[in-house]
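Here is the structure we will look at, set down as structure tokens.
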Amino acid sequence: MSKDFDRDDNSKISSDYDVEKIIAEVNKTAKQNKEAYQTALKTANASQNESSYSSDRKSKTDIINQINKSLGNSEDDFDKSNKEKNYSYQNNSKKNSFSSNEAAGLQREIERGTRYNELKNMKVHSHKGRNAILFVFGLVIILLIGAYIIGYMMTKDSFLPNTFVNGTSIGGMNVNEATEAVHNDKAIDKLILEKLNGETITIDYSKIDYTYSTEDELNKIINQENKALWFTNLIKKSNYTISMKGSYSEDKLKDVIENASFGVTPSKNAKIVLKDDSFVIEPEVQGDIVDTEKVFEAAKEAVNNGTEKINLLDTGCYKKPTVVSSDLEEKLEDLNKVFNLEVKLDFDYTTENLTYDVFKNWVTIKKDGSYTIDQESVWEWVNSIRSKYDTLNKTRKFKSTLQGTVKIKAQRGADGKFDGIFGYFLDADKTAEAICKALKKGENTTIEPVYWTNGGYTYDTQGKVKRSANDEKKVINDISQLNTYIEVDLTNQTLWYYKNGKVKLKCGVVSGKPTKERMTYPGIYQLWMKERNKTMKGRTSEGSYESKCSYWNYISQNSVGIHDATWQSSFGGDRYKYFGSHGCVGISLSDAQYIYENVPIGTVVIMFY
């Protein structure tokens, strides 16, 4: 089957290229193409029907000529060189007939070209839209890159936009410009010191050779900025606070402060004073004398931090009172307790009531609000009441066995001491100490008086008699309370031991020889210690002596006792006048043993003439 076009191999033209050329021409005369094709088709069909292929096939030349005729206008537009190629139907050496199949093939070629042209048009339009988008996108990228580069170059040596230092905007400035801007905006050229009374002292920076230098701080800020991300500062702020650092002469600053006038009134401490019927706090008073060293330190800190004004009171520059009202509140409470305090000294039948009216002169309030009690004053007060409450060696009335009621008056011995030990005798030192302790405690209380103790014996009657109003008299009969006691009638040289009012022992005695050094002195004694096989020794103007006894019953603190005197041949009568002891009461061995074994410690011994 012959091809509709013969192509010379030397032409080197691709079918795609031929079709594109044909399509280009067809596009210009679409209607003519269709008409030419239809005319050629009709002619071929008519020839076939009339001759029944008698002349085989109609020459292709006629159809081609018709096509060429319809395409004439298009051929005129082809390049001359193209006309010389195998596309020229007129010069085709092969003059074969153009069958219906070939015509149908030619129709398909044309339709294929038409569809390809439609697809190409669609592709061209699609490419144009996409290219426009790519163009716009590329243009935007180029603009952004350009803007970034421009922004980077602009901020490379300057502060990023929206940068603030101490509230001053320095964006876009270099370090020098920023330094000047910060100084102009926040410049401080003086320091103001506010005094207690509201007056001020101004220290001009020129007087202390002050010069600003904030470049180091600004250089730190600019060096830490991320220039690559300069655009982020377009939507955010960067705030920095730096100290307005500068250099100045500390010596000149100190000299200015030391020569300034601050004040001369010293502070006064708070104190507690007695007002009307109670203690009150007299508040402290703040003086206006300053500690210049503290002022200097506060001024240095203010200058270094760029602070223009400081309050000298708030910065602790004034010499403050060392004692303020709040320090004394607890003391005040304690003092008012003392003011309302009452300490009672119990004497059985009565009490001595110590109120503020009594002890106010004993109390000394110290500067810190504490107080002390003058123990010496208390001791003097205790001694002042001794005559009322001490019963030791007081004259007593006693109903004796043989002599009836007698008065027993204590007498001092040769050594100037009383031998009798029975009775109450206050220990002034310890009683005063107990009172002071109660007053310092600050609580209402009742305390017992403290009685003197010597050698293990306490002068409080050993609890044998109760105190009574009678004790305040010159002559007392406290021993009348007793129903158990030892009675020694020195005139009759007889001893009785009464137990619960009944005589348990009666015996003769030999008392001390009636001389000043050896006599037995009248008084109220008390059995307070016992001892076996005692050696008694001493010395008088007559010489020294030494004796031994089996049963020693101690009734004094001046070496007087009741003991066995086995060297005596008899007891009672007037023997004591010639063969009397050195002050003791001598009795027989059996009687001494009885007392040792049966008479309890604390038993009162009443001796009289």
Side-chain angles (χ1 to χ4, degrees), residues 347 382-398 400 403 406-431 449-465 467 470-482 485-491 495 509 511-530 536 538-541 552-563 576 580-586 601-609:
F347 289 101
V382 172
N383 272 327
S384 71
I385 64 172
R386 298 190 76 146
S387 59
K388 190 193 307 188
Y389 299 108
D390 280 353
T391 62
L392 179 65
N393 298 319
K394 271 193 173 183
T395 300
R396 288 177 165 85
K397 292 190 295 185
F398 173 66
S400 67
Q403 299 186 49
V406 296
K407 286 184 180 180
I408 305 172
K409 184 177 181 180
Q411 297 180 26
R412 295 181 184 275
D415 56 2
K417 298 179 181 179
F418 292 103
D419 288 339
I421 60 174
F422 179 80
Y424 289 96
F425 187 72
L426 286 171
D427 186 326
D429 291 337
K430 292 186 177 179
T431 299
V450 181
Y451 296 99
W452 189 50
T453 298
N454 184 39
Y457 177 82
T458 301
Y459 287 75
D460 60 355
T461 78
Q462 303 291 297
K464 294 301 178 181
V465 297
R467 305 195 64 106
N470 182 62
D471 294 343
E472 300 181 25
K473 299 177 181 179
K474 290 184 178 181
V475 179
I476 61 176
N477 61 352
D478 56 347
I479 56 178
S480 63
Q481 302 174 34
L482 303 173
Y485 56 90
I486 292 175
E487 177 186 347
V488 179
D489 187 334
L490 296 173
T491 298
L495 178 150
V509 302
S511 61
K513 189 175 182 179
T515 65
K516 188 173 182 180
E517 290 182 308
R518 296 178 60 175
M519 74 174 292
T520 301
Y521 286 90
I524 312 300
Y525 298 76
Q526 194 165 22
L527 178 59
W528 69 281
M529 188 172 69
K530 297 177 181 180
M536 302 167 290
R539 186 177 187 82
T540 67
S541 60
W552 171 257
N553 299 291
Y554 205 7
I555 62 172
S556 173
Q557 288 199 316
N558 200 23
S559 300
V560 177
I562 300 174
H563 59 83
Y576 76 99
S581 68
H582 290 85
C584 293
V585 176
I601 293 292
T603 300
V604 177
V605 178
I606 304 166
M607 296 200 292
F608 57 93
Y609 285 94

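For clarity, every value in this text was computed on a predicted model and none was experimentally measured. Here, residue 1 is the first one in the sequence, and each next residue gets the next number.
For the residue pair Gly420 and Asn393, the shortest heavy atom distance occurs at O-OD1, 3.6 Å. Lys530 approaches Ile601 most closely through the heavy-atom pair CG-CD1, 3.9 Å. Of all heavy-atom pairs between Thr491 and Gln403, the closest is CB-NE2, 3.9 Å. Ile555 and Gly561 make their closest contact through CG1-CA, 4.0 Å (heavy atoms, listed as atom of the first residue, atom of the second, distance). Residues Asp460 and Tyr424 share a closest heavy-atom pair of O-CE2, 3.2 Å. The two residues His563 and Cys584 come nearest to each other via the heavy atoms NE2-CB, 3.3 Å.
Formation of a donor-acceptor pair under 3.5 Å by the Asp415 side chain with backbone atoms of Lys417 is found in this model. In terms of modelled atom types and a separation under 3.5 Å, the side chain of Asp471 and the main chain of Ile476 share no donor-acceptor contact. Checked by atom type and distance alone, the side chain of Asp427 never pairs as donor or acceptor with a backbone atom of Val450 at under 3.5 Å. With hydrogens and angles disregarded, no donor-acceptor distance shorter than 3.5 Å links the side chain of Thr603 to the backbone of Leu527. Within the 3.5 Å criterion, the main-chain N or O of Thr395 finds no donor-acceptor partner in the side chain of Lys407.
Checked options Val585, Val488, Leu495, Ile421; the residue passing with Val605 is Val488 (criterion: side-chain contact (heavy atoms from CB on, under 4.5 Å)).
Centroid-to-centroid, the aromatic rings of Tyr485 and Phe422 stay 6.0 Å apart or farther.
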Can you give me every donor-acceptor pair (side chain of residues 518-526, partner residue at least two apart or in another chain, under 3.5 Å) with its distance?
residue, atom, partner, partner atom, Å
Arg518, NE, Ser581, O, 3.4
Arg518, NH1, Glu542, OE1, 2.9
Arg518, NH2, Gly580, O, 2.7
Thr520, OG1, Gly512, N, 2.8
Thr520, OG1, Gly583, O, 2.9
Tyr521, OH, Lys516, O, 2.9
Tyr525, OH, Tyr521, O, 2.6
Gln526, OE1, Tyr457, OH, 2.4
Gln526, NE2, Thr461, O, 3.1
Gln526, NE2, Gly602, O, 2.7

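Atoms NZ and NZ, from Lys394 and Lys409 in turn, are 14.0 Å apart once rounded to the nearest 0.5 Å. Of the inter-residue distances, the one linking Asp478 atom CG with Lys464 atom NZ reads 14.0 Å to the nearest 0.5 angstrom.
Taking the side chain to side chain contact (heavy atoms under 4.5 Å, CB included) definition, one finds that Asn454 meets it with Trp452, Tyr459, Gln557, sequence neighbours left out.
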